[in-house]
Participant: 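Got a structure for you, written out below as structure tokens; questions coming shortly.
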Protein chains: 2
Amino acid sequence: MTDNTEHETACPVPSRLSRRNFLAGLSVSAAGAAGLAAAGTAHAANETSTTGAGSGKSEQVSETDKTIPFDGPHQAGIREPAQANGNVVGFTVRRGVSADDLRRLMVIWTEDARRITAGKHPLADLDEELAENPASLTITCGFGERFFDLIGKKQHKPDWLAPLPAFERDELSDEWGQTDLMLQLCCDDQLTLTHATRHMIRSGRAYVTPKWIQMGFLPRAGSRGGGAPRNLFGLKDGTVNPGSEREYNDIVWIDEGPEWARGGSCMIIRRIAFDIADWEKLDRASRENVFGRKLSSGAPLTGEYEHDDPDFNKLDQYGLPVIDPTSHMARATNPEDKPTQKLRRRAYSYDLNLNPAVDDDYNQGLMFICYQKNPLDQFVPIQQRLDKIDRLNQWVTHIGSAVFVCPPGTDPTGADGLDTYWGQSLFES
Amino acid sequence: MTDNTEHETACPVPSRLSRRNFLAGLSVSAAGAAGLAAAGTAHAANETSTTGAGSGKSEQVSETDKTIPFDGPHQAGIREPAQANGNVVGFTVRRGVSADDLRRLMVIWTEDARRITAGKHPLADLDEELAENPASLTITCGFGERFFDLIGKKQHKPDWLAPLPAFERDELSDEWGQTDLMLQLCCDDQLTLTHATRHMIRSGRAYVTPKWIQMGFLPRAGSRGGGAPRNLFGLKDGTVNPGSEREYNDIVWIDEGPEWARGGSCMIIRRIAFDIADWEKLDRASRENVFGRKLSSGAPLTGEYEHDDPDFNKLDQYGLPVIDPTSHMARATNPEDKPTQKLRRRAYSYDLNLNPAVDDDYNQGLMFICYQKNPLDQFVPIQQRLDKIDRLNQWVTHIGSAVFVCPPGTDPTGADGLDTYWGQSLFES
Ligand code: HEM
Ligand code: HEM
């Protein structure tokens, strides 16, 4: 990782920058261009190189050496199995920052993310050693509503990018609220993750300042046995999720609305506090009934294996449904007549320092993260249903909420008509 | 892990309890006794079964299945290579809690820790699944000075268990200060760790309440290449540490003072805040000079490999010492005439939510944890030296401090004259 020739490549950030200029800028250094080209070819391998993370199978590459290709038609960090640690940072644009500045930020951030996810330290960062274990690091960017005002591109904002409707049970705090920009960083090594997060904050410092950072974790991939990771209520969380290319096309990747966003996705992050102390008073059968799934295997109460289809019509010996219709699963399942009401869920548990002043105030919960084409057809109707009736509601409170549009993926050479940096075609449209 | 017969074994906690009664209590359940006997035999395997964690060698047992034996002549969590995540909890004894109550707490905690570190959920805990991946979990207990007053055993307190002398540069906050009791929990899986921490807090709830919890992490073992893990300044941290049985006997395990404590150790935890933003302004050569070691390999500036001995007499081309005598390493090294001034260091990095109100206030640093026989001969003189002169001081501030005596190890059957629960011979002396 100590390739000093790379230090000599100054970061090319012309003040006005066409796609062609940008590429020309990159080619000043053979070493830099070679590195980028290598990154570019990697995205073809995207699918095979990432399946290991969630499968629990033994790998040839060690977990700390593994890289997930940054470039490709879609941003990394959405489809790949969730890594063991995740930081999401919400940024506010500083006063006086221009549209051009924000384009410059995107150029810098894209280039930094491309390098650091490949296990190379970013230009202008001297902490080579803290970047040397990529450990499946991904960095994913999203734009909040105000970003479009700031860059003077209101007309290119997706219609749905607006505050979510209020839900009855919301107890949202601005502390975890909407921001102008978002970076999601996920990694199997917490030191690499901490350094990458710090680096991205620092490299954007002239333009944006962090409003919040949400830090989360999951059990190690090796413990998941090919299934979904458990959350702090002990349940497997993420079982029902899109898998195939086709399901991702149907549920996750934007294919309508403004041209520049096609191939991108809508990301929602809800911070959800758990009442763990009260939850612990329930016996195991009650916990299972709240979700409609078994604690041990994650199977529906009507099935045996995690991925068995639930049978909502099955009755027990007393003639009552085996899966309570008010259980979280029953309420969250997409109705047959609404085939689009599905999500790519990619949640992380959080555990802040407990509040010693209050007994049992563990300050633990879920960073619920989901991806979709259009929240008005997906997250919103599902959450409206849950908000109205969901047995789980007794133990959870939504305390934060934000919505972003994630631009599509990139390619350092612009191959396949891809953007070279995050949001390039938005800036140029 | 779903052995329901185990639920039927009530935790045996007679109000007055001799070692003999305690063993009789345990034998009421064949299942329970078998489990404990199995744990008992495990401690012989202690050394071989734990070396993997820091060695980076490929394992036969998966990292999530691996257990570190709880029982043995010394508590686990001291000598073993540091796991990827560590939580240290400081507890205050509640008002009105008697000496007998505290003995009961030790019986409960020992039994819970014994089970949960073996991958079994503790009795009275229904979260079987959250305990099923032990991932090298260790739980280590320590007693603060006031504990001895509370149990009426002042005369059995080690002399050195008293507030540390004040250091000039200290900026200590009571928020991270001395407590009556301490649990150190370390694990390679953060979900297991969070659950174990929560369980221990809950199971002690009637007697003690947490005053603080310090959460830390290290890079994954696989990335350490057999060497020490890196801290947030990018340096390998923990290179010079005892290794052999003999070094542990010389430096770490108590063999003087009150009889009951022999085989135990003194644990000090200092919370040290880093000025990361200022540190990042240094070039790489300056960073190396501050420590006296190379960033890349961790070798002394006079050597090539991490474990090479430093040569403090070596001069550069200008006749100046290659290793600055005011560097952290030079100041921390034990003087030749004071062979006991060494420590078992087992530090973790911390990363709290950054403070968005202040630019560059990352809220990151080090939970400096060290073990030793007697702090007055070891930590104190070293820290006095560092406090006076250490180039590192410019970027670090000590903000928390606490000292504990960790009782010796245990055996569920009392074999080899070991305590069956933490501090048994203190309570019985
Ligand atoms: C409040 C904290 C929440 C927890 C602890 C939680 C946990 C779970 C669990 C354990 C499952 C079953 C296994 C699985 O398929 O992953 C599940 C399913 C699901 N949840 Fe949640 N969830 C929470 C909030 C939400 C929210 C806010 C939404 C969206 C509005 C949501 C949408 C879904 C969906 C769509 C499913 C799949 C249902 C199916 O088709 O079977 N969940 N959740
Ligand atoms: C302030 C934050 C600190 C940092 C970032 C830090 C980091 C380091 C590093 C990187 C090394 C060299 C590699 C190694 O042997 O581990 C080292 C050595 C050492 N440090 Fe620290 N340290 C800190 C505080 C302390 C404190 C408070 C003490 C004890 C009072 C201490 C005692 C030692 C000792 C004994 C050595 C080994 C010296 C030798 O024999 O080479 N350190 N430390």
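All heavy atoms count here, side chains included; hydrogens, waters and symmetry mates do not. As the structure is a prediction and not an experimental result, all values here were calculated from the model.
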Participant: For A:Tyr350, is the NZ or CZ atom of A:Arg271 found under 6.0 angstrom from the centre of its six-membered ring and inside 45 degrees of the ring axis?
Facilitator: yes
Participant: Do A:Phe233 and A:Val290 touch side chain to side chain, with heavy atoms closer than 4.5 Å?
Facilitator: no
Participant: Report yes if the side chains of B:Leu392 and B:Phe291 come closer than 4.5 Å at any heavy-atom pair, otherwise no.
Facilitator: yes
Participant: Check the side chains of B:Ser349 and B:Gln364 for a donor-acceptor pair under 3.5 angstrom, ignoring hydrogens and angles.
Facilitator: no
Participant: Please answer whether the main-chain N or O of A:Ala299 pairs with a side-chain N or O of A:Arg293 as donor and acceptor at a distance below 3.5 Å.
Facilitator: no
Participant: Taking only heavy atoms into account, what residues of residues 191-200 of chain B are found under 4.5 Å from chain A?
Facilitator: B:Leu191, B:Thr194, B:Arg198
Participant: Please tell me if the side chains of B:Asn133 and A:Arg220 come closer than 4.5 Å, counting only heavy atoms from C-beta onward.
Facilitator: no
Participant: Under a 4.5 Å cut-off applied to non-hydrogen side-chain atoms, are A:Leu130 and B:Leu232 in contact?
Facilitator: no
Participant: Should the pair A:Lys281-A:Asp275 be classified as a salt bridge under the 4.0 Å nitrogen-to-oxygen rule?
Facilitator: no
Participant: Would you mind checking which part of A:Arg202 comes under 4.5 Å of any heavy atom in chain B, side chain (CB onward), backbone (N, CA, C, O), both or neither?
Facilitator: both
Participant: Of the listed residues (A:Met215, A:Gln214, A:Glu280), which shares the most heavy-atom pairs with chain B below a 4.5 Å separation?
Facilitator: A:Glu280
Participant: So, are A:Lys236 and A:Glu306 salt-bridged, with charged N and O less than 4.0 Å apart?
Facilitator: yes
Participant: One thing to verify: whether B:Lys211 and B:Asp174 come together as a salt bridge, which I'm taking to mean a side-chain N less than 4.0 angstrom from a carboxylate O.
Facilitator: yes
Participant: As an exercise: rank B:Asn87, B:Ile276, B:Asp283, B:Ile201 by heavy-atom pairs under 4.5 Å with chain A and give me the winner.
Facilitator: B:Ile276
Participant: Side chain, backbone, both or neither: which part of A:Asn85 has an atom under 4.5 Å from a heavy atom of chain B?
Facilitator: side chain
Participant: Measuring only between side-chain heavy atoms, which start at C-beta, is B:Val97 closer than 4.5 Å to B:Val93?
Facilitator: yes
Participant: Do any of residues 175-183 of chain A come closer than 4.5 Å to chain B, heavy atom to heavy atom, and if so which ones, in number order?
Facilitator: A:Trp176
